[in-house]
Amino acid sequence: MSPKTETVPRQAMREQPPQERVGNFNEVPLGYTEQQALAEASRCLQCKKPKCIEGCPVAVDIPGFIALVQEGKFAEGARKIKETNVLPAVCGRVCPQETQCEVLCVLAKKSDPVAVGRLERFVADWEREHNVVERPHTAPPTGKRVAMIGSGPAGLTCAADLAKLGHEVTVFEALHEMGGVLVYGIPEFRLPKKILREEIDTLREMGVKLETSAVIGKLATIEELMTEEGFDAVFIGTGAGLPHFMGVPGENLMGVYSANEFLTRSNLMRAYSFGEKADTPIARGKRVMVIGGGNVAMDSARTALRLGADKVILAYRRSRDEMPARAEEIHHAEEEGIEFHLLTVPVELRGDERGWVTSAIMQKMELGEPDDSGRRRPVPVEGSEYEEPIDVAIIAIGAGANPLISSTTPDLETNRRGYIVSDPETGATSIPGVYAGGDIVTGSATVIEAMGAGRRAAAAIHQYLLGTKAEGQPTADA
Amino acid sequence: MNEIIAKEEIAPSTYGYDIYHPRIAKKRKAGQFVIIRTHDGGERVPLTIVGSDVQAGTVTLIFQAVGHSTKELAQLGVGDRLLDMAGPLGKATHIENYGKACVMGGGYGTAPVLPIADALKEAGNDLIGIIGARTKELVILEKELGAICSRLEVATDDGSYGHQGFVTDVLQKLIDEGEKIAFVLAVGPTPMMRAVSNLTKTYGTPTMVSLNPIMVDGTGMCGGCRVEVGGETKFACVDGPEFDGHEVNFDLLMKRQGTYKAEEQQASDHAAHCRVGLEAAR
Ligand SMILES: Cc1cc2nc3c(=O)[nH]c(=O)nc-3n(C[C@H](O)[C@H](O)[C@H](O)COP(=O)(O)OP(=O)(O)OC[C@H]3O[C@@H](n4cnc5c(N)ncnc54)[C@H](O)[C@@H]3O)c2cc1C
Ligand code: SF4
Ligand code: FES
C-alpha cells in the first residue's frame with residue numbers, strides 16, 4: 001500500500017436543505033466545486049491492483065479517471081469514463097456505489113472510501129457545463145441496420161456502441177420520450193431530465209435514428225422488422241415494465257396507484273405542474289402510504305411529499321437492513337421526514353362510498369428463516385393488525401416482464417416468469433440475430449447492469465453482423 | 001406523419017379526423033385504439049380507431065370535444081400535426097360468424113362500432129344495428145351502418161328522431177318481436193354498456209363491450225387502466241379494451257373514471273380563464 005497518510009476527509013457534497021427541497025422538484029445534491037473535487041481525488045491511492053474496478057459492472061478505469069482529476073484535467077477524466085460508460089452524468093447520480101465500487105475501495109477498511117460516484121458526476125457535469133463534450137468518433141458506414149427496442153439504459157448503450165462501429169441504428173420507443181425508466185421513473189430531483197436529453201442529443205448527432213411512440217409488437221413485430229423493414233439484427237431492451245400489485249382487497253380503489261403510474265404521471269407527464277404547464281392530473285394525498293423498500297418506493301415517497309402531503313409513511317415488510325434502496329436515497333428520505341414503518345405490510349385497503357381509499361389495515365411482521373434471496377423471510381405476527389388512515393396508497397413492490405414482445409414473437413424463449421432467456425455473455429436469444437439485455441432479461445436490476453448488458457450485446461451483434469469474430473475490425477470497446 | 005389530412009364536424013362538437021400514419025393504417029384491426037398528444041405538456045388521450053385507408057395511409061378517428069384535451073384536439077385543423085400518435089394498441093376484436101349479431105352504439109361510441117360491424121359483416125354475420133343519442137343531431141354514422149346492417153334502428157332520449165328512449169328499449173322490443181340474436185356488441189357511455197349487459201344477461205346472449213377507463217401509457221406499464229372482469233383485475237389497454245359485458249364490474253369502472261373530476265373542472269376553468277384573458281387583451 002502507498003505510504004501516503006490520509007489527511008483529507010471524504011468530501012461531503014452540497015445539498016439543498018431538507019426543509020427547502022421538499023417544496024420543489026429541483027435536484028437535491030448540488031455537486032462538488034472544483035476545490036472539493038481536487039481534494040476528494042487527492043485521497044485516491046492509485047492502487048496498483050485497484051479493488052474498486054472489480055466492483056464496477058462495466059469496469060470503469062476508476063483510478064485512471066481520478067488521476068486525471070488530480071491533475072485538474074476534468075474533461076479528460078470524463079472521457080476516460082466514457083470509454084466504458086456512455087452515461088457518466090447519469091451513473092454518478094444513480095448507481096449504488098456503496099455496494100459496487102466504493103465498498104471495495106481500500107480506504108473503506110480504515111475510514112471512508114473515495115467518493116467515486118461524486119467524482120464521476122463532477123467530471124461529467126464539468127464537461128457538459130463547459131461545452132466541451134466531444135461527439136464520439138463513428139466508423140465508416142457498414143451498411144448494416146440494427147433496431148433497438150426500448151430506449152432505457154440498455155438500449156441507449158447498445159445503440160451508442162453500434163453507431164460508433166458504423167452500423168445504422170434505429171431506436172424504437174413506445175413512449176413519447178426517450179430514456180426508459182430514466183425519464184418516466186426516476187424523478188427530476190434525483191436526475192434532472194435536461195442531463196438525459198443532452199445525452200440523447202449526442203446519440204442523434206452520431207446518426208442514431210430515434211423513433212418515439214413506436215410500440216413494437218403492435219406497430220410492427222420483430223419478424224416484420226427483420227423481413228419487411230430490412231433490419232439485420234435486433235436488440236430487445238424493453239425493461240421490466242409490468243407493475244406488481246399486492247393482491248389484497250381494496251387495491252382497485254381510487255387513490256391507489258402502482259408506483260409506475262404515480263411516477264409516470266409526475267415525471268413523464270409532469271403532473272406536478274398540472275394546470276400550468278401540464279394537463280395530466282395526479283391525486284395529491286395528504287396522508288400517503290408507500291409500500292416497498294427499494295429506490296422506486298423512496299422516489300414515490302419523496303414525490304408524494306413534494307406534491308404536498310403532510311405525512312408520508314413508507315411501509316416495508318422487512319427491516320431496514322434488507323431495504324434494497326441506495327443508501328443515499330434512504331438517508332435523503334429520512335431527512336425529509338418520510339416515516340418508515342418497518343416490518344409492516346397492508347393486508348387490506350378500505351374506502352368510502354365514493355370508492356376512495358381511506359385507510360390501510362396493517363399487519364406487523366417478524367423476520368424468520370432466510371428465503372431464496374438470502375434475506376430473512378417476513379412472517380406475519382398473529383393479532384397485530386391495526387388501521388392507518390390514508391388518502392393515497394402507492395404500491396412499489398416490484399415489476400415483472402411485460403409480455404408485449406414475447407407474446408408477438410413466437411420463437412422467442414422466455415423463462416417461467418416471462419423474462420427473455422439470453423446468453424449472459426452475448427445477449428443472444430433463441431432467435432438468430434435477436435439479442436436482449438437489461439431488466440427484461442434479469443428482472444428489475446440497476447441502470448449500470450442494464451448498460452453493461454447493452455454493451456456486451458453490441459459487441460456480439462457487431463461480430464454477428466460481420467459474420468465472424470472478424471480480425472482487424474474494431475471491437476465494441478474501441 | 002401525424003398530419004391531419006381531413007377534418008369534419010359530423011355532429012355538434014363531434015369531429016372526424018383522417019390522420020396520416022401509414023404504418024398504423026396498415027396494421028390496425030377492428031377494436032384497436034391509438035394514444036395521441038396534441039402538444040408538449042398535453043395528456044395522452046386514447047381514441048378508438050374508426051377506420052383506415054391503407055392506400056392513402058390515413059387513420060380515421062372520431063371524438064367528441066368534451067374534456068380539456070379533446071377540446072384542444074378540436075382546435076386543430078387540416079395541415080396541423082398531432083405531436084404524437086402511438087398504436088395500434090389493445091387487442092383486436094375477436095371476430096366469428098355468430099349468425100345474427102346485433103351491434104349497438106351510444107352517442108359518439110357509435111364510431112368504434114363501425115369497424116367491428118364491418119369485420120362481423122365480412123365474417124358472414126347478419127347484422128342488426130341499434131344506435132342511440134341524446135337528440136337527433138347527435139346521431140352519427142347512420143348511413144354507414146345502414147349500408148351494412150340488414151336492419152338499423154335509431155333511438156333518441158328526447159324522441160326527436162327514431163324511437164323515443166334508450167337503445168336497450170329497442171333491443172328489448174326486437175327480442176320480444178322474436179329476433180333471434182346470437183351475439184351483442186355494445187360501445188358507448190358506461191351506463192349504456194351496463195344496461196345492455198344487464199338486459200342480455202337475462203337472455204344469456206353473449207355480449208362484448210369496449211371499456212374506456214383512464215389510461216396513461218397504453219402498453220401495460222402503469223396499471224392505471226385496471227378493470228375488474230369476472231372478479232379478476234385486468235389491464236384494459238393490453239388485455240382489452242373489449243371484455244365480456246356479463247363479467248365486467250361496471251360500478252368500479254364508473255367510480256374509477258371519475259377519479260380526476262375535480263382536476264378536470266380545474267383544467268377547463270383554467271382554459272376558459274386563459275381564453276377570457278386573451279379576449280380581454282385583444
Ligand atoms: C423509480 C425507479 C427508480 C430507480 N432507481 C434506480 C437507481 O437509483 N439506480 C439504479 O441503478 N437503478 C435504478 N432503477 C432501476 C433501473 O432504472 C433499471 O434497472 C433500468 O432502467 C433498466 O434499464 P432497461 O434499459 O433494461 O429498461 P428500461 O429503463 O425499463 O427501459 C425500457 C424502455 O423500453 C420501452 N419499451 C417497452 N416495451 C416496448 C415495446 N414493445 N416497443 C418499444 N419500446 C418498448 C419502455 O417504454 C421503456 O422506455 C430504478 C427504477 C425505477 C422504476
Ligand atoms: S478508488 Fe479506492 S480502491 Fe480505487 S484506486 Fe482509488 S484508493 Fe484504490
Ligand atoms: S394504461 Fe397504463 S397499463 Fe394500461
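Since the structure is predicted, the reported quantities are computational estimates derived from the model, not experimental observations. The chains referred to below are lettered A, B, ... by the order of the sequence lines, with proteins before strands, and numbering in each begins at 1.
We find the CZ-CG distance between A:R265 and B:D217 to be 10.0 Å, quoted to the nearest 0.5 Å. For the atom pair CZ (B:R23) and CD (A:E211), the distance works out to 5.0 Å, reported to the nearest 0.5 Å. Put simply, CD on A:E224 and NZ on B:K27 are 3.0 Å apart, with the number rounded to the nearest 0.5 Å. Going from atom OG of A:S213 over to atom CG of B:L83 covers 8.0 Å, rounded to the nearest 0.5 Å. Note that OG1 of A:T264 is 9.5 Å distant from CZ of B:R44, once rounded to the nearest 0.5 Å.
For B:T219 against A:N402, the heavy-atom pair with the smallest separation is O-ND2, 2.9 Å. Residues B:C222 and A:S258 share a closest heavy-atom pair of O-OG, 2.5 Å. Between B:G42 and A:T280 the shortest heavy-atom distance is O-OG1, 4.3 Å. When every heavy atom of A:P281 is checked against every heavy atom of B:E43, the shortest pair comes out as CD-OE2, 3.8 Å. When all heavy atoms are compared, the tightest approach of A:L242 to B:F235 is CD1-CE2, 4.1 Å. Closest non-hydrogen pair, B:E263 versus A:I282, comes out as OE2-O, 3.9 Å.
The residue among B:T259, B:I35, B:V34, B:N249 with the most heavy atom pairs within less than 4.5 Å of chain A is B:T259.
Proximity to chain A involves both the backbone and the side chain of B:D40, based on heavy atoms less than 4.5 angstrom apart. Heavy-atom distances place both the backbone and the side chain of B:I24 under 4.5 Å from chain A. At a 4.5 Å heavy-atom cutoff, the contact between A:R270 and chain B is made by side-chain atoms alone. Of the atoms belonging to A:E228, it is side-chain heavy atoms, and not backbone ones, that fall under 4.5 Å from chain B. Proximity to chain B is limited to the side chain of A:F245, based on heavy atoms less than 4.5 angstrom apart.
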- [ ] Before giving the answer on side chain to side chain contact (heavy atoms under 4.5 Å, CB included), spell out for B:H21 and A:L219 the whole-Å C-alpha distance, their side-chain angles and the decisive distance to 0.1 Å.
- [x] CA-CA 11 Å; B:H21 198 308; A:L219 188 64; 4.1 Å; yes

- [ ] List the steps, then state whether side chain to side chain contact (heavy atoms under 4.5 Å, CB included) holds for A:V256 with B:R226.
- [x] CA-CA 11 Å; A:V256 182; B:R226 57 200 192 279; 3.8 Å; yes

TODO: Determine, stepwise, if the pair A:D279 / B:R37 fulfils salt bridge (charged side-chain N to carboxylate O under 4.0 Å, His left out).
DONE: CA-CA 11 Å; A:D279 298 339; B:R37 272 193 334 148; over 6 Å; no

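For A:K218 (side chain) and B:G90 (main-chain N/O), a donor-acceptor pair under 3.5 Å exists by modelled atom type.
The environment of CD in B:E122 is sparse: at most 12 heavy-atom neighbours from other residues, nucleotides or ligands sit within 6.0 Å. Within 6.0 Å of atom NZ in B:K26, 12 or fewer heavy atoms from other residues, nucleotides or ligands are found, so the atom counts as exposed in its surroundings. Within a 6.0 Å sphere centred on NZ of B:K7, heavy atoms belonging to other residues, nucleotides or ligands number more than 12. Shown here is A:E223, whose CD atom has no more than 12 heavy atoms of other residues, nucleotides or ligands within 6.0 Å. With a 6.0 Å radius and a threshold of 12 heavy atoms from other residues, nucleotides or ligands, A:K193 has its NZ atom above the threshold.
One side chain, A:N252 or B:T233, offers a donor N or O that lies under 3.5 Å from an acceptor on the other.
B:R256 places a side-chain heavy atom less than 4.5 Å from the side chain of A:M254.
Of all residues spanning residues 52-60 of chain B, none has a heavy atom less than 4.5 Å away from chain A's heavy atoms.
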